[in-house]
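Structure first, commentary second.
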Amino acid sequence: MKTKNPFYTHQEDGNFAIIAPVDSNELLETYYPFFEKHGYEGNGYCWEGHIIQILEKVDKDLLDHIEFDPEGGGFYAYADSAANQQKFMEILGPIFSDLHVLETYVTSADRSRID
């Protein structure tokens, strides 16, 4: 199932934020049932755990350039440059925009590493 990219970016004062408001109505309706189906809560910490594991498989080097700061109601991360912020979007946007693709990662994730 294709859906809209849940991430958006914000740049201000040298900060390159990546945000997914997971408790917003739009994302809540799509992603909470998806994660719940696989035994996860679907909060920002859950997203962080899955995103880290996805990046470990797809582009491990990018993890050195992203600082994660999730909350229960949202996924927040900060890239160290606009280029790395864009790279995150190019990698994770398509994966999270296609629930069939995302499901392949979620079902193979190490549950012990997901909060």
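Computed from a predicted structure; not experimentally measured. Residue indices begin at 1 and follow the sequence shown.
Taking OG1 of Thr3 as the reference point, atom CZ of Phe96 lies at 11.5 Å (rounded to 0.5 Å). In this structure, the separation between CD on Gln53 and CG on Leu55 is 10.5 Å, given to the nearest 0.5 Å. Rounding to the nearest 0.5 Å gives a distance of 4.5 Å between CZ of Phe7 and CZ of Phe88. How far CD1 of Ile54 is from CG of Leu63: 11.0 Å, rounded to the nearest 0.5 Å. Interatomic distance, OG1 of Thr104 versus CG of Leu102, reported as 7.5 Å (0.5 Å rounding). Atoms OH and CD1, from Tyr8 and Ile18 in turn, are 12.0 Å apart once rounded to the nearest 0.5 Å.
Using cut-offs of 30° and 60° for the angle between ring planes, the Tyr40 and Phe35 rings count as perpendicular.
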Show, in sequence, the C-alpha distance, side-chain angles and deciding distance for Leu27 and Tyr32, and conclude whether the side chain to side chain contact (heavy atoms under 4.5 Å, CB included) test is met. CA-CA 8 Å; Leu27 298 186; Tyr32 264 55; over 6 Å; no
I would like to know whether Tyr105 and Val101 meet side chain to side chain contact (heavy atoms under 4.5 Å, CB included); could you show each step before the answer? CA-CA 7 Å; Tyr105 289 102; Val101 173; 4.1 Å; yes
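Other residues, nucleotides and ligands place more than 12 heavy atoms under 6.0 Å from the CD atom of Glu90. Heavy atoms from other residues, nucleotides or ligands lying under 6.0 Å from CD of Glu103 number more than 12. Counting heavy-atom neighbours within 6.0 Å of Asn25 CG, excluding the residue itself, gives a total of 12 or less.
In the hydrophobic clustering of this structure, Leu99 groups with Val106; members are Ile, Leu, Val, Met, Phe, Trp, Tyr whose side-chain heavy atoms approach within less than 4.5 Å, directly or through other members. Ile52 and Ile91 fall within the same hydrophobic cluster, where Ile, Leu, Val, Met, Phe, Trp and Tyr residues are linked whenever their side-chain heavy atoms come under 4.5 Å apart, directly or through other members. Grouping the Ile, Leu, Val, Met, Phe, Trp and Tyr side chains by contacts below 4.5 angstrom, directly or via other members, places Ile95 with Tyr31. Hydrophobic clustering of Ile, Leu, Val, Met, Phe, Trp and Tyr side chains at less than 4.5 Å, counting indirect connections, keeps Met89 apart from Phe16. Both Phe34 and Phe75 are members of a single hydrophobic cluster when ILVMFWY side chains are connected at heavy-atom separations under 4.5 Å.
Judged purely by atom type and a 3.5 angstrom limit, Asn15 has no side-chain atom pairing as donor or acceptor with the backbone of Ala17.
In this structure, Pro21 and Pro6 approach most closely via the heavy-atom pair CD-O, 4.1 Å. Pairing each heavy atom of Asp61 with each of His65, the nearest pair is O-CD2, 3.2 Å. The minimum heavy-atom distance linking Ile114 with Asp110 is given by the pair CG1-O, 3.7 Å. Across all non-hydrogen atoms, the minimal contact from Ala79 to Ile66 is CB-CD1, 3.7 Å. In plain terms, the two heavy atoms of Thr30 and Pro33 that are nearest each other are O-CD, 3.7 Å. The two atoms that bring Gln11 and Gln85 nearest to each other are NE2-OE1, 2.7 Å, heavy atoms only.
Among residues at least two apart or in separate chains, salt bridge (Lys or Arg N to Asp or Glu O under 4.0 Å) pairs with a member in residues 46-59 are Glu56-Arg113, Asp59-Lys87.
By the ring-ring contact (aromatic ring centres under 6.0 Å, His included) test, Tyr78 pairs with no residue at all, sequence neighbours left out.
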